[in-house]
Amino acid sequence: MLTSPQPVQSAAPQSKEQHIEIGRIMNVGSATAVISINKTLIRNNQLHQAQIGTILKILTSDSIVVAMVSSLKIGAADEEGMNDGCLATLNILGEITTNATTRATKFFRGVRSFPVLNAPVFNMSRSDLKLIFSRENSSCIEVGRLQQDNSIVAKVRTDDLLSKHFAIIGSTGSGKSCTVALVLQAILNQSPQGHVVLFDPHNEYSKSFGNRAEVIDSESLDIPLWMFDFVETVELLTSEIEDQAREEQEILHDVILKAKRLFDRARKNNDISSQVKLDDIEGELQRATHITLDSPVPYRIRDVSKLLDHYMGKLENNSNLAPYKRLKRRIAMLVSDPRYRFIFKNQASPRPIEEIIGRIFRIPVNNKPISILDFSGIPSEALNIVVSVVSRLAFELATWSERKIPILLVCEEAHRYIPRDKSLGFHSTRRIIGRIAKEGRKYGVSLGIISQRPSELEPSTLSQCSTIFSMRLSNEVDQNFVKAAVPDGAADLLSFLPSLGTAETMVFGESVNLPMRVILSTLAEEYRPHSSSAKFTDLWQRDTTSPAFMETVFDRWRSRSLNSGELPSEAITSPVTQHPNGRLVRPTQSQQQQFRAKPPAQPTAQQNTGQNQGISAVARQRILEKATAQPQSLSEVKTMLNSAFNRDM
């Protein structure tokens with residue numbers, strides 16, 4: 001499936017084993033050295049032997065010091081220019097030594113014997129490079145070829161890559177998505193019984209792994225509310241106004257716990273109907289202490305609503321009803337919102353946790369070691385919930401399995417849901433991803449962070465990634481952010497990131513002996529992600545907007561707006577409906593005529609305890625008229641609803 005790139009021809013072909021003196025040491029420190037480039041190289045136009053990223057060797061009395069060129073400059077600034085020579089700064093990275101007892105020659109990080117002034121600096125031979133980058137005794141994956149010598153296979157140690165997290169970063173068009181697919185393909189080829197979960201916000205990877213992937217889209221996704229922990233549930237159900245959220249949180253604490261105990265009691269009694277008087281079993285629910293607030297025990301949203309009504313009926317002061325009514329409003333809105341269908345599926349008969357967990361985390365694997373969560377049909381408001389819940393479940397599964405089920409979470413477009421700016425939200429996701437970044441290696445949960453804007457990522461998350469594949473980065477802010485995060489003290493080596501070619505990367509960190517400039521292997525066409533750009537010049541050469549084609553486009557558009565006709569009939573009760581992207585929109589003309597011909601029936605008492613409780617017709621009309629005039633995001637609509645409801649109460 002993976003093919004090697006074509007050999008790169010050097011500017012001056014010569015034997016790989018030729019011993020060439022590159023220069024002499026002029027200045028040496030604990031981590032860097034400055035050398036004067038041999039003028040013979042300048043006269044013969046062979047400065048490519050010392051280009052940025054090239055690995056060189058310095059001979060000492062006890063070892064061979066290994067260094068990498070990090071910068072170049074002209075020796076003096078005058079009219080003679082290159083006649084004054086050229087200076088190169090080297091980063092000292094390690095040394096090659098021979099054990100006096102075993103006589104084994106190996107590369108080690110760190111230096112015990114430093115080079116002296118005027119010591120010669122030579123090019124690396126092929127045998128030297130093989131000694132440094134060979135991995136005979138380690139489990140490794142191949143990712144490409146060394147840019148310095150394409151006869152050397154570039155490998156990374158798999159256990160170090162996964163156990164200590166990794167990141168793949170690069171601007172759009174640098175080959176980042178193909179690199180993700182390449183690395184994961186190599187891991188799965190080596191470990192066919194793995195457990196990999198890939199968050200795919202743009203449906204890029206559905207074909208990249210063939211029949212080895214379980215693709216879960218917005219239609220087949222099933223993460224019920226009872227699998228949320230209390231923090232995630234509070235973030236979903238409560239108001240955005242802090243004081244109101246505090247009141248609602250206190251109510252939910254008691255209501256959700258009793259809803260779990262109520263369903264557990266009904267299941268034990270083999271009667272899951274809701275026909276039970278809560279007053280009769282109040283004491284029994286209090287004594288059911290084997291179920292805690294965060295226990296993954298099923299409960300039904302209708303029981304939550306029933307408990308809210310129960311406690312509202314006990315309140316004597318109407319001024320205390322506001323938080324209960326806000327909760328019921330929020331629950332009714334979410335239940336009727338098609339974007340959150342994956343949360344409220346199978347309420348009558350919840351699926352067992354083994355089935356839900358098994359499909360997402362591939363237990364058993366069944367020849368599909370990777371699950372791809374396609375988020376292209378899920379709006380950003382729901383993305384936080386999905387990523388947070390799945391990540392936490394991965395952490396808890398690895399913890400309770402005593403590290404017997406290692407899991408890799410690959411976070412594509414990670415800056416979207418692990419943002420640096422806390423005001424953007426995603427608090428639950430930031431909390432669990434941050435914990436995995438800091439503690440995951442102890443429990444067998446690995447992170448793969450993928451981003452084209454690393455400066456927008458939560459800083460501590462990227463800093464916990466011990467291996468970084470850094471591709472072309474054009475933005476200076478992103479470059480500086482990566483320089484602060486890379487290991488090995490080799491930040492100077494990233495100065496040439498803007499000039500890296502497509503499918504070329506620098507690899508830093510724990511899984512490689514030295515920072516490597518790598519030409520990545522070419523991924524077979526059938527396994528490349530769907531990440532190509534639109535072909536403007538090709539498509540603009542002909543008219544593709546035929547009436548039949550546009551009819552198909554508008555049909556898709558309408559079905560998207562109306563959720564393919566799957567909205568419940570009771571959801572269309574006014575000239576405005578909710579669009580799946582979080583906005584309120586008008587229905588089609590035929591639907592409006594239908595509405596005028598058959599006005600909605602007045603809500604019954606039973607409906608008032610469900611979706612239509614606590615809001616007057618005047619308030620609803622005012623809200624809908626405002627939303628029609630200026631469409632709002634879901635969060636803005638939520639705030640508007642809260643303020644409107646409180647004004648009418």
Side-chain angles (χ1 to χ4, degrees), residues 1-8 53 55 68 107 126 129-130 132-171 174-192 194 196 198 204-205 208-209 212 369-370 408 410 412 446-451 465-473 482 486-488 490 493-494 497 500-525 527-529 531:
M1 288 181 289
L2 304 180
T3 59
S4 301
Q6 295 298 318
V8 178
I55 300 173
M68 182 178 286
F107 170 81
R126 182 177 301 172
L129 291 173
K130 285 183 177 179
I132 294 173
F133 295 107
S134 63
R135 298 286 186 275
E136 287 83 3
N137 299 323
S138 302
S139 177
C140 299
I141 59 171
E142 298 182 9
V143 294
R145 303 273 173 164
L146 286 185
Q147 190 273 344
Q148 183 172 342
D149 185 344
N150 65 2
S151 67
I152 308 297
V153 176
K155 300 180 179 181
V156 295
R157 289 186 291 272
T158 311
D159 285 333
D160 289 333
L161 179 75
L162 298 179
S163 65
K164 302 174 184 177
H165 314 312
F166 68 92
I168 300 176
I169 55 180
S171 300
S174 62
K176 174 172 53 64
S177 298
C178 285
T179 304
V180 174
L182 173 70
V183 171
L184 294 182
Q185 284 275 17
I187 291 173
L188 297 180
N189 289 340
Q190 184 186 81
S191 308
V196 181
L198 171 59
E204 293 182 71
Y205 299 96
S208 296
F209 303 93
R212 294 195 295 179
I370 180 171
L408 169 62
V410 183
E412 174 66 275
S446 178
L447 278 178
I449 301 296
I450 320 298
S451 178
C465 296
S466 66
T467 299
I468 295 179
F469 294 76
S470 186
M471 310 188 77
R472 183 173 65 248
L473 280 173
V482 176
V486 296
D488 293 323
L493 301 177
L494 296 179
L497 282 182
L500 285 176
T502 300
E504 188 177 357
T505 184
M506 285 292 298
V507 185
F508 301 86
E510 295 292 331
S511 64
V512 293
N513 278 350
L514 285 181
M516 300 188 300
R517 186 173 177 178
V518 177
I519 299 175
L520 295 162
S521 298
T522 303
L523 200 62
E525 180 68 30
Y527 294 111
R528 293 179 186 174
S531 57

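As a basis for the values below, the full set of heavy atoms in this structure was taken, side chains included, without hydrogen atoms, waters or symmetry mates. Position 1 is the first residue of the sequence, and the numbers go up from there.
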Can you give me the closest heavy-atom contact between T179 and L520, atom names plus distance?
OG1-CD1, 3.2 Å
Quick one: does any side-chain atom of S466 pair with a main-chain N or O of E510 as donor and acceptor, under 3.5 Å?
no
Nearest non-hydrogen partners of V156 and M516, listed with the distance:
CG1-CE, 4.3 Å
R157 and N513: side-chain contact (heavy atoms from CB on, under 4.5 Å), yes or no, with the steps?
CA-CA 9 Å; R157 289 186 291 272; N513 278 350; 3.1 Å; yes
Does R528 reach the main-chain N or O of C178 with its side chain, forming a donor-acceptor pair under 3.5 Å?
no
Tell me whether S171 contacts the main-chain N or O of R472 through its side chain, where contact means a donor paired with an acceptor under 3.5 Å.
yes
So, T502 side chain and S174 main chain: donor-acceptor pair closer than 3.5 Å or not?
no
So S521 and E142, do their side chains get closer than 4.5 Å, heavy atoms only?
no
For residues I449 and H165, determine if any side-chain heavy atom of one lies less than 4.5 Å from a side-chain heavy atom of the other.
no
Looking only at heavy atoms, what is the nearest atom pair of S470 and F508, with distance?
CB-CE1, 4.5 Å
Ion pair check, R517 and E504, cut-off under 4.0 Å
yes
Can you check whether T467 reaches D160 side chain to side chain, under 4.5 Å on heavy atoms?
no
Closest heavy-atom contact between V143 and L182?
O-CD2, 3.5 Å
Are any of the side-chain heavy atoms of F166 and V507 separated by less than 4.5 Å?
no
Has D149 got a side-chain atom pairing as donor or acceptor with R126's backbone, closer than 3.5 angstrom?
no
How about P369 and P192: do any of their side-chain heavy atoms sit closer than 4.5 Å?
no
Any heavy-atom pair between the side chains of L161 and I141 that's under 4.5 Å?
yes
At their closest point, which heavy atom of E204 faces which heavy atom of S177, and how far apart are they?
OE1-OG, 2.9 Å
If you compare all heavy atoms of Q185 against all heavy atoms of Y527, which two are closest, and at what distance to 0.1 Å?
NE2-CD2, 3.5 Å
Any side-chain heavy-atom pair from I132 and I152 closer than 4.5 angstrom?
no
Indicate yes or no: at least one non-hydrogen side-chain atom of Y205 is less than 4.5 angstrom from one of I370.
no
Looking at Q148 and I55, would you say the former's side chain and the latter's main chain have a donor-acceptor pair under 3.5 Å?
yes
Exam field: side chain R145 to backbone I519, donor-acceptor pair closer than 3.5 Å:
no
